[in-house]
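Step one of this worksheet: look at the structure below.
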2 protein chains.
Amino acid sequence: MKELVDFRADILKALAQPTRLKIIDFLRDGERCVCEIFPAIGEEQSNTSRHLNMMLAAGVLSRRKDGLKIYYAIKSPEILEVVDTVTLIVKQEAAGRHELLKAV
Amino acid sequence: MKELVDFRADILKALAQPTRLKIIDFLRDGERCVCEIFPAIGEEQSNTSRHLNMMLAAGVLSRRKDGLKIYYAIKSPEILEVVDTVTLIVKQEAAGRHELLKAV
DNA sequence: CAATTAGTTGACTATATACTCATATAGTCT
DNA sequence: AGACTATATGAGTATATAGTCAACTAATTG
């Protein structure tokens, strides 16, 4: 049986990739169809589709069908909270390195 | 040059693995040496060492040497904040599935 | 300095991942 | 129905990852 650790790992893994982070960043303002997403992030349509499906399966995105188009959206605000906290960590580390350099 | 997206991916990747999440969980209460960590999580010493070094490199853990022992600790409270938010997401999803089942 | 203890690292294997190109599916419009 | 548009998927390749066993380094103690 899959444990809690593994479900957490699945969600984190779904976010832990540059192309997927670009998608998340692009979806910040609301849902978008695949045809808007892949040009915006500069990736191939098929590759983008795979990443979208992967994040959908992990429970990070939601999907809505409208005619030919399929709209993806960030499933919950907590997802963005995770990404934002990580951004903060990166900035703190950058600041820390800067301090170290000044000290030399 | 490495971009912000990539640094964020590095941190998330450092957390996105069951063995490493077990380590993070175990380090919640403070620093521990490798000799305490690997029996606690039920992994080989060498494998544990690799994961610890990986997280250290990603900036997720810090390291302190004391005699023969090397103590690892979670580098910042924001790391735990990320993991806790993800735990919340998993619980929300579980609750959501439960609701769906009840509806049937 | 030999023996012991704590941790890291090299070499290897098995599996997973990201990506690409080509093809398939599904909905829309004439 | 046939052409068109939006998305997904099969198959292949290249690279990354997790894990194991054995060998190695470094600090400690007798």
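Chain letters run A, B, ... following the sequence lines, proteins first and then strands; every chain starts at 1.
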Give me the atom names and distance for the closest heavy-atom approach of [X] to [Y].
X	Y	result
B:Ala14	B:Arg20	O-NE, 2.9 Å
B:Leu56	B:Leu61	CD1-O, 3.4 Å
A:Ala16	B:Ala16	CB-CB, 4.4 Å
A:Asp6	B:Pro18	OD1-CG, 3.2 Å

Open item on the list: If you apply the rule salt bridge (Lys or Arg N to Asp or Glu O under 4.0 Å), what do you find for B:Asp25 with A:Arg8, and how did you get there?
Closed with: CA-CA 12 Å; B:Asp25 284 339; A:Arg8 288 191 289 167; 2.6 Å; yes

- [ ] Supply the atom-to-atom distance B:Ile74 CD1 to B:Ile23 CD1, rounded to the nearest 0.5 angstrom.
- [x]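 Between atom CD1 of B:Ile74 and atom CD1 of B:Ile23 there are 10.5 Å.
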
TODO: Kindly compute the distance separating CG (A:Asp84) from CD1 (A:Ile79), expressed to the nearest 0.5 Å.
DONE: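 Going from the CG atom of A:Asp84 to the CD1 atom of A:Ile79 covers 11.5 Å.
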
Open item on the list: Nearest heavy atom decides the nucleotide; on that basis, is A:Glu43 or A:Lys13 closer to the 5' end of DNA chain C?
Closed with: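 Residue closer to the 5' terminus by nearest nucleotide: A:Lys13.
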
Open item on the list: Just the rounded figure in Å: distance from C1' of D:dT7 to CE of A:Met54.
Closed with: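 Taking atom C1' of D:dT7 as the reference, CE of A:Met54 is at 19 Å.
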
Task: Nearest-angstrom distance from the residue atom CZ of A:Arg63 to C1' of D:dT7 - done: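 Result: 9 Å.
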
- [ ] Identify whether any heavy atom of B:Tyr72 sits under 4.0 Å from a base atom; if not, whether one sits that close to sugar-phosphate; answer base, sugar-phosphate or nothing.
- [x]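 Sugar-phosphate contact only - B:Tyr72 comes under 4.0 Å of backbone atoms but never of a base.
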
Pick out the pairs of N or O atoms, protein on one side and nucleotides 9-13 of chain D on the other, that lie under 3.5 Å.
residue	atom	partner	partner atom	Å
D:dG10	N7	A:Arg50	NH2	3.3
D:dG10	O6	A:Arg50	NH2	2.1
D:dA11	N6	A:Arg50	NH2	3.1

TODO: Tell me which residues in residues 15-42 of chain A put a heavy atom below 4.0 Å from DNA chain D, sorted by number, or none.
DONE: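 Those residues are A:Cys33, A:Val34, A:Cys35.
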
Open item on the list: Can you work out whether A:Ile70 or B:Glu44 has the more 5'-proximal nearest nucleotide on DNA chain D?
Closed with: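 Comparing both residues, the 5'-ward one is A:Ile70.
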
Open item on the list: Whether B:Arg32 engages the ring of B:Phe26 as a cation-pi pair (distance to the six-membered ring centre under 6.0 angstrom, angle to the ring normal within 45°) should be assessed.
Closed with: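 Yes.
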
- [ ] Could you pull out all residues at least two apart from A:Lys65 that satisfy side chain to side chain contact (heavy atoms under 4.5 Å, CB included)?
- [x]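 Listed in chain order: A:Ile70.
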
- [ ] Could you give me the CA-CA distance, side-chain angles and deciding distance for A:Val86 and B:Glu78, then say whether side chain to side chain contact (heavy atoms under 4.5 Å, CB included) is met?
- [x] CA-CA 8 Å; A:Val86 172; B:Glu78 284 80 12; over 6 Å; no

N/O donor-acceptor pairs under 3.5 Å from side chains in residues 41-49 of chain B, not counting sequence neighbours:
residue	atom	partner	partner atom	Å
B:Glu43	OE1	B:Asn47	ND2	3.0
B:Thr48	OG1	B:Glu44	O	2.7

Open item on the list: Of all nucleotides in DNA chain C that come within under 4.0 Å of a heavy atom of chain A, which is furthest toward the 5' end and which toward the 3' end?
Closed with: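 With heavy atoms of chain A under 4.0 Å away, the range is C:dT17 to C:dT28.
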
Open item on the list: Return a single string for nucleotides 24-30 of chain D, one symbol per nucleotide in 5' to 3' order, where B is base contact, S is sugar-phosphate-only contact and - is none, cutoff 4.0 angstrom on heavy atoms.
Closed with: --BBS--

- [ ] Treating Ile, Leu, Val, Met, Phe, Trp and Tyr as nodes and any side-chain heavy-atom pair under 4.5 angstrom as an edge, say whether A:Leu88 and B:Leu4 lie in one connected cluster.
- [x]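 Shared cluster, no.
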
Task: Sole residue of A:Glu31, A:Arg63, A:Glu36, A:His51 in side chain to side chain donor-acceptor pair (under 3.5 Å) with A:Tyr72 - done: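 When A:Glu31, A:Arg63, A:Glu36, A:His51 are each tested with A:Tyr72, the side chain to side chain donor-acceptor pair (under 3.5 Å) holds only for A:Arg63.
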
